[in-house]
Number of protein chains: 4
Amino acid sequence: MRHYKEDADDIKSKRQQILTAAYTVFSRKGYYRATIDEIIALADTGKGTVYNYFTNKEKLFYTLISERSRAFKETLNQIMVSKQPFMEKTKAMIMAFLRFYIDNADLWRVLMHEIRGFGGKGSGNLTELQREKYRDEFRSTIEMLVSLLQEGIEQGVVKECDVTKAAHGLFSVIMTMVFQKFADQDNVEEIAATIADIFFYGVAVQPKHN
Amino acid sequence: MRHYKEDADDIKSKRQQILTAAYTVFSRKGYYRATIDEIIALADTGKGTVYNYFTNKEKLFYTLISERSRAFKETLNQIMVSKQPFMEKTKAMIMAFLRFYIDNADLWRVLMHEIRGFGGKGSGNLTELQREKYRDEFRSTIEMLVSLLQEGIEQGVVKECDVTKAAHGLFSVIMTMVFQKFADQDNVEEIAATIADIFFYGVAVQPKHN
Amino acid sequence: MRHYKEDADDIKSKRQQILTAAYTVFSRKGYYRATIDEIIALADTGKGTVYNYFTNKEKLFYTLISERSRAFKETLNQIMVSKQPFMEKTKAMIMAFLRFYIDNADLWRVLMHEIRGFGGKGSGNLTELQREKYRDEFRSTIEMLVSLLQEGIEQGVVKECDVTKAAHGLFSVIMTMVFQKFADQDNVEEIAATIADIFFYGVAVQPKHN
Amino acid sequence: MRHYKEDADDIKSKRQQILTAAYTVFSRKGYYRATIDEIIALADTGKGTVYNYFTNKEKLFYTLISERSRAFKETLNQIMVSKQPFMEKTKAMIMAFLRFYIDNADLWRVLMHEIRGFGGKGSGNLTELQREKYRDEFRSTIEMLVSLLQEGIEQGVVKECDVTKAAHGLFSVIMTMVFQKFADQDNVEEIAATIADIFFYGVAVQPKHN
DNA sequence: CATGAATGAGTATTCATTCAT
DNA sequence: GATGAATGAATACTCATTCAT
């Protein structure tokens, strides 16, 4: 009655299959409209299995965000500590953001929305902490942009300004390029250049540099 | 179980009360987590009354968006046709956006999210049209920014660039200032100035204009 | 602010308009699916007006049945007391039934169904009595057929048999011809003849009458 | 909130329990007045369970009809293909009808009524097909009577007549005997004999066969 | 008398979650 | 570990009925 394990990945897979399916469904449907039923159908697994790995729907969602986020944050860190001219570093940074969000646009859009109202009614206590964790998932990456700008100011290439606001502005522009599908994996470099250009020099007609 | 009319406004009110309550609940909870029960509790009305005025939850939501949007679009139009220096007009425009979104931030955030997946299961019939209407609610305002930039280019004060992308970028920055609560009704002017400044001249240290 | 009464019938009409509309809606939708809203739309009157004339939906339905029934029962009575050969009288009777049910097929179908389960849960007391009234609406007409057959037996043209069962059988055949739309106002006579023939002589091949 | 399985039948039961309860409730209340709440109370099960087995109320109802109908139709078929004198076959047929409808009178009464107006508001899409399925549940059995009469005509024992009308008439008489509770499982044979007798020879006093 | 705005009890249906196998 | 049958709280929506005007 026992089947040979179909392949070596299978055991590791189960959990992964669920996460992959969850990614698809959450991205397509948003948090509320996503159902466990749809996820298990896609993951080709049983309902109980989901609850073996993840305590509940919310935890499944968080795990998804969290795991996808980890690698991204690592990438950002590496860029930050790299030695390269400020302008290059900025462009690299923007490209990293673009690449990540192009892959995760829909899920992060959902995250951004859900950040505001998880838990609600009965959820009582743990929820506000939970929500905080979600917010941190964003904050920590935007923080990188803040540091970057700070560095720019220290190097004298960025003018004194409210770096937090500026970082958020830059971040939102990047997101918008992705959400509006102006950016895709093929034009990342070009879009990054455009963003950087306008971010640095603005849209105003340049005075002649003579 | 029936109240005597409490005062003369009551008759005009009922529908308004519901819309006001709906605004609060949708803003706080998002579309899906908002319940009619919560809305009627807040509106101090009966469930049937809601359905007398609005065919269903979705129509209630749309009406809300639609009514709030109307005045805003009118304002934008007036600014657009006004005769004033480009820079002034831009700032006025940004301020109008800020003012509107400061009041409607949460509801519009919900709108932005829901735009993507309304209509449930089969998405059946009128839904795709419905969604389109929602999208238009945004498009039409961003369109204003596009026109503005176009005007700037024609006047030679804005450099040649992809105005659609630029408009979306500007829009997203405005939204972000509001969503992050950097902007409130008291500092609208200052924030508008900052946004306009960076949008035009960028964050780069300016070459000396001598 | 007062309009001249539009015409003399108007006052009498209101109630009649409602009954007419109710007839249509109940016939088309059955008791449960019929709504007061649909009735008033058709009757071109206000919701309150309905409740001025009829205490509730159920009473409206009953009134409808009751009024339509009255004339019919009168007709049957006249046929019963008329002096004419048994066979003629039977045919006249069948034709009267056919004519009435052709006009009222749908409503009576609803009645037949509702007879079984009015009132239900909370309705407590008055309901069983109510239901009884409905049943009488039928019984009294079938009773006529019973009397008729009795008369036939007394005259020696109908064989001894359970007249109640026979009357119900005859009744059901009449109804079926109507419900199946085999009968309409134009072929009433022919259908009546066929029914009478089979009812009297059966479907068996007749032994030669020599 | 969760019961241990009480005995081995339970697993097979759940679905059956629901169908049995549904039979009772639909029979007693009709389609509209029957509520899922009442069904689950009687079936001693959870609301969700019903929806695990049946997509909706309508499907539950249809399944009920459909399953009960199957065996009946099979029985009729067997009688039809059996070799026996026409009169015997007819009586057997009538008895089969009586037996089935005595057990299912109320439910079929509901079916007959609902056949006319299923599908609610827009009557949308699959509903007309649905209704057709219900109608077929009847048609197919009456069709048997038509075939039977046809056979009788071919054998020269039934006189030429409109077999469709005659079959409907016979059918309605059978139903009426059941509905009026003239027939019960104990007098099926006697009632069948009476029906057959009158159907064949009518109620008229027989001319002397000399 | 006629009206219709307001009401809320009642109902079908969904879906996260549990737990015996 | 994996599974899925069973569950019921939650929710949108309907519609008969009332009552102030």
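Labels below follow one simple rule: chain letters A, B, ... track the order of the sequence lines, proteins then strands, and each chain is numbered from 1. Excluded from the calculations below are hydrogen atoms, water molecules and symmetry mates; all remaining heavy atoms, backbone and side chain alike, are included.
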So with a 6.0 Å cut-off around NZ of Lys133(D), is the heavy-atom count from everything else above 12?
-> yes
Watson-Crick and G-U pairing of DNA chain F written in dot-bracket, each distance under 3.5 angstrom, with | for inter-strand partners = .||||||||||||||||||||
Within this structure, what is the CD1-to-C1' distance between Ile39(B) and dT11(F), rounded to whole angstrom?
-> 12 Å
Do Asp106(A) and Arg28(A) meet the salt-bridge criterion of a basic N to acidic O distance under 4.0 Å?
-> no
Rounded to whole Å, the NZ-P distance (Lys59(D) to dT13(E)) equals 13 Å
Within this structure, what is the CD-to-P distance between Glu38(A) and dA16(E), rounded to whole angstrom?
-> 10 Å
Contact class for Thr35(A) (heavy atom, under 4.0 Å): base, sugar-phosphate, or nothing?
-> sugar-phosphate
Minimal heavy-atom distance between Trp108(B) and Arg68(B), with the atoms involved, is CH2-CB, 3.9 Å
Interatomic distance, Lys57(D) NZ vs dG10(E) C1' [rounded to whole Å] | 12 Å
Phe54(A): partners by ring-ring contact (aromatic ring centres under 6.0 Å, His included), with sequence neighbours left out | none
Give a yes/no verdict on a cation-pi contact between Lys57(D) and Tyr51(D), requiring under 6.0 Å between NZ or CZ and the six-membered ring centre and an angle within 45° of the axis.
-> no
Rounded to the nearest angstrom, tell me the gap between atom CD in Glu58(B) and atom P in dT11(F).
-> 19 Å
Can you check whether Thr45(C) has a side-chain N or O nearer than 4.0 Å to OP1 or OP2 of dT3(E)?
-> yes
Considering only heavy atoms and no angle criterion, is a donor-acceptor pair shorter than 3.5 Å present between the side chain of Asn56(A) and the base of dA16(E)?
-> no
Donor-acceptor pair (no angle test) under 3.5 Å: Asn52(B) side chain, dA5(E) base | no
Shortest side-chain distance from Ile36(D), nucleotide among dA6(F), dT13(E), dA12(F) = dT13(E)
Report yes if a side-chain nitrogen or oxygen of Thr49(A) is closer than 4.0 Å to either non-bridging phosphate oxygen (OP1 or OP2) of dG1(F); otherwise report no.
-> no
Which residue lies toward the 5' end of DNA chain E, Gly48(C) or Asp37(A), if each is placed at its nearest nucleotide?
-> Gly48(C)
Identify whether any heavy atom of Lys47(C) sits under 4.0 Å from a base atom; if not, whether one sits that close to sugar-phosphate; answer base, sugar-phosphate or nothing.
-> base
Should the pair His113(A) and His113(B) be assigned to parallel (<30°), tilted (30 to 60°) or perpendicular (>60°) ring geometry?
-> parallel
Counting only side-chain N and O atoms of Tyr51(D), is one of them less than 4.0 Å from OP1 or OP2 of dG8(F)?
-> no
Excluding sequence neighbours, so at least two apart, what forms side chain to side chain donor-acceptor pair (under 3.5 Å) with Arg109(C)?
-> none
Which of these nucleotides, dA2(E), dT3(F), dA6(F), is closest to any side-chain atom of Lys14(A)?
-> dT3(F)
May I ask you to verify if any side-chain N or O of Tyr53(B) is less than 4.0 angstrom from the OP1 or OP2 atom of dA6(E)?
-> yes
Write down the distance between CD (Gln17(B)) and P (dA5(E)), rounded to a whole number of angstrom.
-> 16 Å
Give a yes or no on whether a salt bridge exists between Glu67(B) and Arg15(B), defined as a side-chain N under 4.0 angstrom from a carboxylate O.
-> yes
Report the distance from atom CG of Asp44(C) to atom C1' of dT3(E), rounded to the nearest whole Å.
-> 12 Å
Looking for any heavy atom pair under 4.0 Å, which part of the strands does Ala34(C) touch: base, sugar-phosphate only, or nothing?
-> sugar-phosphate
Atom CZ of Arg33(D) and atom P of dG10(E) are separated, to the nearest Å, by 13 Å
DNA chain F nearest-nucleotide lookup for Thr55(B) and Thr55(C): closer to the 5′ end is Thr55(B)
